[in-house]
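Treat the numbers as computed from the prediction; the structure is a model and nothing was measured.
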Amino acid sequence: MSTTKVHLLISINDLILLVFYFESDCWQFRLISPGGEVFGKRKIYYTPEAAEKAGREWIDQGH
């Protein structure tokens, strides 16, 4: 069984930023819109801080 760990769940500009660890894919982030749409790429980050930074940059760029 794979393990998933949530590191950060925060609301920024009406979006939810989720940073999580998935055993087979390291750290990742996803953005969740008010309507429930999920955004993000399946890109691997080696620290939760790197995933959070990438997520915040996506928000700043208006994705």
Side-chain angles (χ1 to χ4, degrees):
M1 180 193 287
S2 296
T3 302
T4 303
K5 181 190 331 182
V6 173
H7 173 75
L8 176 73
L9 184 65
I10 188 170
S11 175
I12 303 172
N13 298 339
D14 293 328
L15 295 170
I16 295 173
L17 171 59
L18 170 65
V19 174
F20 61 96
Y21 178 85
F22 191 66
E23 196 170 82
S24 62
D25 293 324
C26 294
W27 293 99
Q28 296 185 27
F29 76 88
R30 294 294 184 273
L31 300 174
I32 305 169
S33 75
E37 296 170 295
V38 179
F39 302 95
K41 294 183 179 179
R42 193 172 179 186
K43 185 172 179 184
I44 294 173
Y45 300 93
Y46 294 103
T47 66
E49 293 83 9
E52 178 182 352
K53 181 180 178 204
R56 287 179 182 270
E57 288 173 355
W58 260 55
I59 292 169
D60 288 344
Q61 293 173 4
H63 287 98

Between K5 and W27, what is the shortest heavy-atom contact and its length?
-> O-CZ3, 4.4 Å
Are I12 and L18 co-members of a hydrophobic cluster defined by side-chain heavy atoms under 4.5 Å apart?
-> no
For the ring pair F29 and W58, is the centre-to-centre distance below 6.0 Å?
-> yes
Is there a path of hydrophobic side-chain contacts, each under 4.5 Å between heavy atoms of I, L, V, M, F, W or Y residues, that connects L31 with V19?
-> yes
Contacts of F20 meeting ring pair (Phe, Tyr, Trp, His ring centres under 6.0 Å) (sequence neighbours excluded), chain-then-number -> none
Among all residues two or more places apart in sequence or in another chain, which pass the side-chain contact (heavy atoms from CB on, under 4.5 Å) test with I16?
-> L9, I32
Kindly list each side-chain donor-acceptor pair under 3.5 angstrom involving residues 33-48, sequence neighbours excluded, with atom names and distances?
unit_1: S33; atom_1: OG; unit_2: G35; atom_2: N; d: 3.3
unit_1: S33; atom_1: OG; unit_2: G36; atom_2: N; d: 3.4
unit_1: S33; atom_1: OG; unit_2: E37; atom_2: N; d: 3.0
unit_1: R42; atom_1: NE; unit_2: D25; atom_2: OD2; d: 3.3
unit_1: R42; atom_1: NH2; unit_2: D25; atom_2: OD1; d: 3.4
unit_1: R42; atom_1: NH2; unit_2: D25; atom_2: OD2; d: 2.7
unit_1: T47; atom_1: OG1; unit_2: A50; atom_2: N; d: 3.0

For the residue pair I10 and R56, what are the closest heavy atoms and their distance?
-> CD1-NH2, 3.9 Å
